[in-house]
*Asks:* 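Below is a structure I'd like to ask you about.
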Amino acid sequence: MSEHRYDPRAIEPKWQEIWERERIWEVSNDEVEGAPKSYVLEMLPYPSGEPHMGHLKNYSVGDAVAHFHRRNGRRVLHPMGYDAFGLPAENHAIRTGEHPRDSTAKSIAQFQTQLRRWGLSIDWSREFGTHEPRYYRWTQWLFLKLFERGLAYRKEAAVNWCPVDATVLANEQVIDGRCERCGNLVEARQLEQWFFRITDYADRLLDDLEDIRWPSHVKTMQRNWIGRSEGAEVTFADPETGSEYPVFTTRPDTLFGATFFVMAPEHPDVLRLTAGTEHEQAVRDYVNKALTESSDERSDTDRTKTGVPLGRSVINPVNGERIPMWVADYVLMEYGTGAIMAVPGHDERDFDFATTFGLPIRRVIDCEGELPCSEDGRIVNSHPDFDGLHNRDALEKIVDWLDEQGKGHRSINYRLRDWLLSRQRYWGCPIPIVYCDACGMVPVPEEDLPVLLPDVEDYAPKGRSPLAAAEDWVNTTCPSCGAAARRETDTMDTFVDSSWYFLRYTDAANDEAPWDPEVTNRWAPVDQYIGGVEHAILHLMYARFFVKAFADMGLLDTQEPFNALFTQGMITRDGAKMSKSKGNMISPVPYVERYGADTARCYILFIGPPEHGADWTDKGVEGVHRFLGRLWRLGADVAASTGKQEPLGPLDSPEGDDLELMRKAHWAIDKVTEDMAGRFAFNTAIAAVMELVNDAYRYRGTVHPQTLHFATATAASLIFPFAPHTGADVYDMLTGDRVWEEPWPAADLAMLERDTVEVVLQVNGKLRARIQVPADASREALEAMARDQERIQAHIDGHEVVKVIVVPAKLVNFVVR
RNA sequence: GCCCGGGUGGCGGAACUGGCUAGACGCGAUCGGCUUAAACCCGAUUGUCCCUCGUGGCGUGUGGGUUCGAGUCCCACCCCGGGCACCA
């Protein structure tokens with residue numbers, strides 16, 4: 001019908017140029033009276049290669065939220081940056097010979113081009129990469145603050161070592177015993193490394209989850225990762241050697257059922273206890289075997305339990321029983337005390353072990369069913385003081401008794417370990433520490449920061465940091481005494497960089513400090529954070545820890561970095577995860593070129609609920625493109641007939657089709673607003689605008705021009721957060737105004753209510769008729785009208801009406817016999 | 001094994017608190033219009049069954065239950081996705 005053609009290739013650059021030239025999305029740090037702030041943030045991209053569909057989804061969601069908040073009168077901070085240090089860039093460099101500095105710069109340039117091409121409403125004035133000295137200078141500064149407070153420290157420990165990437169890894173980066181990055185089996189190595197004392201914050205990290213609006217499964221994952229267990233530490237003694245062995249148990253109520261005692265192969269006393277005895281050789285062999293096993297093999301719960309006796313025993317403090325000591329690999333050195341009391345009657349693992357080695361099994365709780373059984377019940381076979389008590393009550397009493405006797409006390413254990421942050425890799429933030437023979441470990445003075453990452457030609461991993469080869473850089477003088485000294489050559493885990501970037505955005509140009517608390521407290525915390533669920537533990541836990549630590553130092557007021565979190569699902573192709581190795585990556589580029597950014601953005605939001613994964617189909621993209629084209633052409637046609645005008649005061653008292661279309665427009669306003677504000681239901685929000693446009697086409701021949709004008713301008717206004725160029729263009733054609741300066745439309749509630757409504761008439765719950773009735777018809781009136789209906793009479797005549805259910809404005813149901 | 005999600009047309013998905021007719025919106029398909037023709041565009045139909053075409057029967061993974069009324073609540077089971085997994 002229209003000769004007008006929807007041409008995103010003309011429309012999109014036009015609006016992007018205006019936004020960029022007038023710096024529309026930049027926001028100042030000044031406080032504005034009466035304008036509440038909103039900090040909307042998507043997780044920053046890792047610049048390796050080109051942006052992919054996951055980025056398009058992430059930023060389409062975030063941009064829609066940012067636009068919605070802006071038009072609802074908030075001052076929105078919506079920045080962007082790059083998480084530029086890290087292994088993938090370095091591994092890429094090793095493969096291709098291209099320096100990480102260069103490949104990263106190239107990738108960042110691609111992101112910059114693409115993100116602008118997508119028309120995102122970003123405040124580019126705050127942009128940075130975490131690999132830039134002006135940023136990592138402050139990463140180092142923050143490290144030193146943590147070091148000052150004892151929250152960063154060095155210690156020797158058994159750590160995870162990836163032989164392929166030739167570096168240590170944090171616990172969080174080991175998945176099923178394998179390196180998160182390269183997938184190879186991880187080895188245990190005894191090394192001195194840098195740690196952050198995140199375990200000091202375990203309780204606060206756990207408790208404060210209550211106060212933030214995060215998806216419950218993410219909270220659950222964090223709770224599990226912290227793994228707080230309440231119980232008791234109980235001391236088992238060996239009077240012969242005079243040694244005492246504390247164990248941690250969550251079930252001190254089962255102490256009387258302990259029939260043996262097990263130590264981890266790594267326990268330092270295992271070899272000592274057997275030295276010179278007949279058991280020495282067997283124990284030595286067993287320990288050696290256990291230590292060389294991969295953590296993968298060792299953590300296989302299905303395999304038969306193994307272990308060997310130590311030939312020694314300890315005394316159970318509650319009943320004086322001597323129980324034999326064993327060493328077995330199902331006991332872990334890292335958790336608790338590295339030794340356990342074994343209660344085979346009430347613990348599945350101990351039961352398996354006891355069954356394998358013919359050790360006694362004793363029931364001490366009268367729980368239902370066969371042993372082993374971990375249910376609650378009454379205490380039996382234990383001690384006259386406790387027998388008959390419910391085990392939970394007995395637990396408290398037993399711990400009190402142990403405490404009085406000095407044989408134990410209440411205790412809490414966590415699964416969470418300190419965060420191992422040092423990496424023996426090149427492409428990372430240098431750790432600002434100097435080693436001096438006289439002064440020991442000396443922090444680099446603040447005024448000497450940043451410690452620049454030196455240019456190194458050979459950055460291949462060799463088991464020690466490639467920085468160690470940069471002799472000129474390594475050799476320095478001690479900041480404290482001036483003598484010759486050496487720099488720390490390890491670099492920081494990339495997660496350190498990304499644990500505070502959201503704070504830097506608030507005051508990105510500051511070269512006196514990482515941020516000015518005055519300024520940052522105006523923006524922080526992030527009001528809405530958006531990103532992939534794959535960061536549920538690592539990044540989100542580390543960032544929370546940093547914020548709490550900085551708050552303790554007085555650098556921040558907030559205790560939590562991200563007030564609300566939204567996790568988006570993955571985009572797949574033919575049901576399969578996209579990956580470079582599978583060769584099924586879809587780049588957004590051809591879609592953006594062919595259909596425009598608005599189509600690509602709308603489609604990725606329309607495809608389904610954004611928290612779910614979704615499969616990309618080319619046909620679906622075309623459908624959304626058709627819709628945007630329909631809207632645009634409608635706008636062009638209406639503008640051609642009405643000219644530019646203010647959104648009308650439409651007809652004073654619209655009737656017929658005018659009224660229907662007006663109602664639809666207000667319905668759509670209400671629906672989109674609900675879907676945006678309450679939840680992230682972008683798919684149904686877009687569907688509502690589609691319905692409005694469909695109705696506009698349906699009624700275009702029969703309504704007044706001003707009604708059509710109103711409906712079309714409303715559709716443009718509502719689609720703007722998802723398709724900003726099209727929304728702005730259509731709105732401009734119709735009104736000459738800038739849609740982003742318009743307040744978010746408000747639905748006229750009177751338009752949502754109807755004078756008459758359709759009421760469903762049922763007999764025995766089956767639909768038998770429908771009638772139009774006044775919306776405010778009373779129950780009695782409704783029932784009377786229903787009884788008058790022929791079809792209802794046909795179904796109730798000759799039956800006894802037992803009950804009539806009337807739901808005003810909804811239905812009438814006759815229950816008959 | 002444990003803990004979360006989730007099973008709705010040919011497909012992606014709607015249906016907020018049990019009732020405003022399950023299947024919005026989009027894709028695909030079929031038909032019609034426009035066109036010399038095609039694409040684009042516009043319009044109609046599209047859960048299923050029936051020689052009964054009816055404001056007909058049946059229909060939200062399976063089997064039970066609660067209720068006047070269940071996709072929605074309860075119980076049991078099957079399947080799919082995710083997380084955790086010798087953490088004492």
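By convention in this document, chain letters (A, B, ...) are assigned in the order of the sequence lines, proteins followed by strands, and residues within each chain are numbered from 1.
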*Asks:* Please measure how far the C1' atom in U17(B) lies from the corresponding atom in G12(B), and state the result in whole Å.
*Replies:* 27 Å

*Asks:* Over how many whole Å does the gap from Glu611(A) atom CD to G81(B) atom C1' extend?
*Replies:* 14 Å

*Asks:* Check the distance between C84(B)'s C1' and Arg415(A)'s CZ and give it to me in whole angstrom.
*Replies:* 8 Å

*Asks:* Starting from C1' on C40(B), measure out to NE2 on His625(A) and report it in whole angstrom.
*Replies:* 11 Å

*Asks:* Starting at the 5' end of RNA chain B and moving along, which residue's nearest nucleotide shows up first, Met341(A) or Ala614(A)?
*Replies:* Ala614(A)

*Asks:* Between P on C86(B) and CD on Glu266(A), what's the gap in Å once rounded to a whole number?
*Replies:* 14 Å

*Asks:* Suppose you measure atom P in C27(B) against the same atom in A44(B); what distance do you get, rounded to whole Å?
*Replies:* 14 Å

*Asks:* Among G13(B), C42(B), A88(B), find the nucleotide with the atom closest to the side chain of Thr250(A).
*Replies:* A88(B)

*Asks:* With rounding to whole Å, what would you report as the distance between C42(B) and G59(B) at their P atoms?
*Replies:* 39 Å

*Asks:* Which whole number of Å gives the distance between the C1' atom of G54(B) and that of C34(B)?
*Replies:* 37 Å

*Asks:* Quick one: Asn224(A) CG to C86(B) P, roughly how many Å, whole number?
*Replies:* 13 Å

*Asks:* What residues form a ring-ring contact (aromatic ring centres under 6.0 Å, His included) with Tyr595(A), not counting sequence neighbours?
*Replies:* His625(A)

*Asks:* Summarise how protein sits on nucleotides 16-21 of chain B as a single string, 5' to 3': B when a protein heavy atom is under 4.0 Å from the base, S for sugar-phosphate-only contact, - for no contact.
*Replies:* ---B-B

*Asks:* Write out all pairs satisfying ring pair (Phe, Tyr, Trp, His ring centres under 6.0 Å) with one or both partners inside residues 329-352 of chain A, taking only residues at least two apart or from two chains.
*Replies:* Tyr330(A)-Phe353(A)

*Asks:* Just the rounded figure in Å: distance from P of C86(B) to CE of Met263(A).
*Replies:* 21 Å

*Asks:* Just compare C86(B), A88(B), A85(B) and give me whichever is closest to any side-chain atom of Lys305(A).
*Replies:* C86(B)

*Asks:* Under 4.5 Å between any side-chain heavy atoms of Val247(A) and Phe261(A), yes or no?
*Replies:* yes

*Asks:* In chain order, what residues pass the salt bridge (charged side-chain N to carboxylate O under 4.0 Å, His left out) check against Asp347(A), with sequence neighbours excluded?
*Replies:* Arg349(A)

*Asks:* Atom CZ of Arg251(A) and atom P of A88(B): how far apart are they, to the nearest Å?
*Replies:* 11 Å

*Asks:* Taking for each residue the nucleotide of RNA chain B with the nearest heavy atom, is it Tyr697(A) or Thr337(A) whose nucleotide lies nearer the 5' end?
*Replies:* Tyr697(A)

*Asks:* Is the NZ or CZ atom of Arg700(A) both under 6.0 Å from the centre of the six-membered ring of Tyr697(A) and within 45° of that ring's axis?
*Replies:* yes

*Asks:* Would you check if Ile365(A) and Asp376(A) make a side-chain contact, meaning some heavy-atom pair closer than 4.5 Å?
*Replies:* no

*Asks:* Atom CG of Asp350(A) to atom P of A88(B): distance rounded to whole Å?
*Replies:* 12 Å

*Asks:* Between U60(B) and A70(B), how far apart are the C1' atoms? Round to whole Å, please.
*Replies:* 11 Å

*Asks:* What's the gap between C41(B) and C79(B) when it is taken at their P atoms, as a whole Å value?
*Replies:* 45 Å

*Asks:* Throw together a table of side-chain donor-acceptor distances under 3.5 angstrom for residues 681-693 of chain A, partners on residues two or more places apart or in other chains.
*Replies:*
unit_1    : atom_1 : unit_2    : atom_2 : d
Thr684(A) : OG1    : Asp675(A) : OD2    : 2.7
Thr684(A) : OG1    : Ala681(A) : O      : 3.1
Glu691(A) : OE1    : Lys664(A) : NZ     : 2.8

*Asks:* Can you name the side-chain hydrogen bond (donor to acceptor under 3.5 Å, both in side chains) partners of Thr617(A), sequence neighbours left out?
*Replies:* Tyr603(A)

*Asks:* How would you label the contact of Arg228(A) with the nucleic acid (heavy atoms, under 4.0 Å): base, sugar-phosphate, or nothing?
*Replies:* nothing

*Asks:* Mind checking the P distance from C4(B) to C74(B)? Whole angstroms is fine.
*Replies:* 13 Å

*Asks:* Check whether the side chains of Arg630(A) and Asn694(A) place a donor and an acceptor atom closer than 3.5 Å, and report yes or no.
*Replies:* yes

*Asks:* Could you tell me whether the side chain of Lys57(A) and the main chain of Gly569(A) form a donor-acceptor pair under 3.5 Å?
*Replies:* yes

*Asks:* Has the side chain of Tyr286(A) got a donor or acceptor atom that lies under 3.5 Å from a matching backbone atom of Thr306(A)?
*Replies:* yes

*Asks:* Under the 3.5 angstrom rule, does the side chain of Gln173(A) hit a backbone N or O of Ala170(A) as a donor-acceptor pair?
*Replies:* yes

*Asks:* Would you give a per-nucleotide map of nucleotides 1-8 of chain B, 5' to 3', where B means the base has a protein non-hydrogen atom under 4.0 Å away, S means only the sugar-phosphate does, and - means neither?
*Replies:* ---S----

*Asks:* Scan residues 598-612 of chain A for pairs that pass salt bridge (charged side-chain N to carboxylate O under 4.0 Å, His left out), counting only residues two or more places apart or in two chains.
*Replies:* Asp63(A)-Arg601(A)

*Asks:* Dump the pairs, protein N or O against N or O of nucleotides 24-30 of chain B, anything under 3.5 Å, distances to one decimal.
*Replies:*
unit_1 : atom_1 : unit_2    : atom_2 : d
A24(B) : O2'    : Glu691(A) : OE2    : 2.7
G26(B) : OP1    : Asn694(A) : ND2    : 3.0
C27(B) : OP1    : Arg626(A) : NE     : 3.0
C27(B) : OP1    : Arg626(A) : NH2    : 2.9
G28(B) : OP2    : Arg626(A) : NH2    : 3.4

*Asks:* Just how far is it from atom CD1 of Ile198(A) to atom CG of Leu420(A), taken to the nearest 0.5 Å?
*Replies:* 12.5 Å

*Asks:* Can you sort out the partners of Asp695(A) under salt bridge (charged side-chain N to carboxylate O under 4.0 Å, His left out), two or more places apart, ordered by chain and number?
*Replies:* Arg698(A)

*Asks:* Residues in side-chain hydrogen bond (donor to acceptor under 3.5 Å, both in side chains) with Asp618(A), at least two apart?
*Replies:* Tyr591(A), Trp616(A)

*Asks:* I'd like the C1' distance from U62(B) over to C78(B), given in whole Å.
*Replies:* 7 Å

*Asks:* What form does the base of G56(B) take, syn (within 90° of 0) or anti?
*Replies:* anti

*Asks:* Using the criterion of both pairing distances under 3.5 Å for Watson-Crick and G-U wobble pairs, give all stems of 3 or more consecutive pairs involving RNA chain B.
*Replies:* B:1-7 with B:78-84, B:10-12 with B:25-27, B:28-33 with B:41-46, B:47-49 with B:56-58, B:61-65 with B:73-77

